[in-house]
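A quick write-up on the structure given underneath.
Here the structure is a predicted model, which is why all the values come from computation and not from measurement. All heavy atoms count here, side chains included; hydrogens, waters and symmetry mates do not. Chain letters run A, B, ... following the sequence lines, proteins first, then strands; residues in each count from 1.
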Amino acid sequence: MLDIKRIRNNPDEIKIGLKNKGIDPEIDKILEIDKKMRHLKNQTDELKHRRNIVSKEISLKKKNKEDASNSIAEMQKVSKTIKENDNEIQKYKSLLNELLFNTPNIPHKSTPIGKSEKDNVVIREVGKKKVFDFSIKDHIELAEDNSLIDFKRGAKIAGSGFPLYTGEGAKLERSIINFMLDIHTTKHGYKEIFPPFMASIKSTTTTGQLPKFGDDMYSVNEDGLYLVPTAEVPVTNIHQEEILDVKNLPTKYTAYSACFRKEAGSYGKNTRGLQRLHQFNKVELVQFAHPEKSYQVLEEIVSNAETILKKLNLPYRVIELCTGDLSFASSKCYDIELWSPATEKWLEVSSCSNFEDFQARRGNIKFRESNKVHFVHTLNGSGVATPRLMIALLENYQREDGSIEIPKVLVPYFGKKEIRKN
RNA sequence: GGAGAGAUGGCAGAGUCCGGUUGAAUGCGCCGCACUCGAAAUGCGGUUUCCGAUUUUUCGGAACGGGGGUUCGAAUCCCUUUCUCUCCGCCA
């Protein structure tokens, strides 16, 4: 959530930022309510001050066995007014909160201005697209031929978008997850977390899914819980309502989780096979950073994710999202995309964002530095999501005879050098 | 799921029965200063957060898990809710 003081002091800066994001800002409405609320609060605080003084007088009088009924009568009236005012203030506050919680973060000044994904900027392309001297298969054919994934039975169990990994497919998935976690914990200094896969209304509000995007998540209404769309939700909320010691910044967590997304309205194109799923696996990177360091940390997270792809020797590119393509909560965001040779398309496997203090304000996550308290900056990035990684891996490592080579770094995890149908 | 107990500052822990200068004793921790060549020990001082006004300072308000109520006044009384612990039940 945006800082109300910042809105008060620099309304134009905020308006421009939101416009760049393609949002029609309600800043004037916010300012108007804020002004009314503060005015009433001032009046009411004065009344409360008066009441505090008279209450002490009453206390003294009673001790001395004097008559206090006049004071009490006066305070009865005052208290009534205070109560009415407090109710009014509360109304303004919840109105203000509703507006603020529905207002997105504003882009960082370095974020390229643009309207849609067409205006995103390619930062770098790493690795060479492999040239095949035979006609290649796509990941669906490869997965089915080698009995790695049973899409039909997955659909039978839960519907489309719920893949059933079987045999070596299941083991390969597990190998990838373990490989990524091991790299991030041993080489990049992250602490491993295994979080709950459901999160409360409050937690999903911290990270920005609620109140606006509740429809994108699966929910268990009777318990007020949401299936996590990403481990970002539980992991960011580890320090909800806490004040961290500046010595502990940055705090770095990595977590595997299953991710659940409704992906409503996205049927049809680009949903075949593993491209777009209701349930998928992801290893997430989350950092709580000092505000002065957070943009450095963002670059670090991107490079941590890139390390995985480099070690797997897969061609990828890093793009920077333009203001119009930026998500609700983020100020700056890089996506990493893997090359799918069969479809000749780039597939997003990671999204690395700096949310600055946007989530920290919502979740009240702070740090103390020389006796002063500030909001932390939160950042996260996928390191990385498995389904599209699996697509790239199967397609890039396929051989002419239909077998699949296992990348060197995965062999210790997978236990074999190749997948070959008997 | 049933019965009971509890939730207080960074931590531990008083206060709650009997409502009134208690934002909160005490201890630990932390910061500063003194002592010391230095450290330890000791002594002195400081140390919650949020909101508003005014601003190099200060003033006012709020908060004792959350929400509501009673009252001139609530950490303290009442209701409700969440969580934790103990016992029972169920269970991987």
Return yes when atom CG of A:D215 has more than 12 non-hydrogen atoms of other residues, nucleotides or ligands closer than 6.0 Å, and no otherwise.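 No.
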
Hydrogens and angles aside, do [X] and [Y] bring a side-chain donor and acceptor to less than 3.5 Å of each other?
X      : Y      : value
A:S257 : A:K282 : no
A:T307 : A:K187 : no
A:Y92  : A:D34  : no
A:D150 : A:Y165 : no

How many whole angstroms separate atom [atom1] of [X] from atom [atom2] of [N]?
X      : N     : atom1 : atom2 : result
A:I58  : B:C72 : CD1   : P     : 9 Å
A:D245 : B:C31 : CG    : C1'   : 12 Å
A:K63  : B:G73 : NZ    : P     : 18 Å
A:E241 : B:C83 : CD    : P     : 16 Å
A:D223 : B:U81 : CG    : P     : 16 Å
A:K56  : B:G23 : NZ    : C1'   : 12 Å
A:Q90  : B:G66 : CD    : P     : 14 Å
A:D86  : B:A74 : CG    : P     : 12 Å

[atom1] spacing across the pair [N] / [M], given as an integer number of angstrom:
N     : M     : atom1 : value
B:G89 : B:U80 : C1'   : 27 Å
B:U86 : B:U70 : P     : 38 Å
B:U21 : B:C17 : C1'   : 23 Å
B:G73 : B:C83 : C1'   : 30 Å
B:C50 : B:G23 : C1'   : 13 Å
B:A75 : B:A25 : C1'   : 14 Å
B:A40 : B:G4  : C1'   : 48 Å
B:A74 : B:A63 : P     : 8 Å

Give one of base, sugar-phosphate or nothing for A:S79, where a contact means two heavy atoms less than 4.0 Å apart.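 The answer is sugar-phosphate, as A:S79 gets under 4.0 Å only of primed atoms, P, OP1 or OP2.
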
Determine the stems involving RNA chain B; a stem requires 3 or more consecutive pairs of the Watson-Crick or G-U wobble kind, each with both distances below 3.5 Å, and the answer is none if no such run exists.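 Only these stems qualify: B:1-7 with B:82-88, B:10-12 with B:26-28, B:29-34 with B:42-47, B:48-53 with B:58-63, B:65-69 with B:77-81.
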
Residue-phosphate contact under 4.0 Å: A:S59 side-chain N/O, B:U21 OP1/OP2: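 No.
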
Look at the side-chain N and O atoms of A:K83 and state whether any lies under 4.0 Å from the OP1 or OP2 oxygen of B:U70.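 True: A:K83 side-chain N/O within range (under 4.0 Å) of B:U70 OP1/OP2.
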
For a quick test of reading the model, state the closest non-hydrogen atom pair linking A:S110 to A:K332 and the distance between them.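 Scanning both residues completely, I find the closest heavy atoms to be OG-NZ, 2.7 Å.
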
Distance-minimising heavy-atom pair for A:E356 and A:N354: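 Nearest pair, atom of A:E356 first, then A:N354: N-OD1, 2.8 Å.
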
Give the B/S/- string for nucleotides 45-61 of chain B, one per nucleotide from 5' to 3', where a protein heavy atom under 4.0 Å of the base yields B, of only the sugar-phosphate yields S, and otherwise -. ---SSSBSS------BS

With under 30° as parallel and over 60° as perpendicular, where do the rings of A:F367 and A:H290 fit, or are they tilted in between?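 A:F367 and A:H290: tilted rings.
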
Report yes if the distance between the aromatic ring centroids of A:H239 and A:Y253 is under 6.0 Å, otherwise no.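 They qualify: ring centres under 6.0 Å apart.
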
Working for side chain to side chain donor-acceptor pair (under 3.5 Å), residues A:N105 and A:S331: CA-CA 6 Å; A:N105 202 358; A:S331 280; 3.1 Å; yes

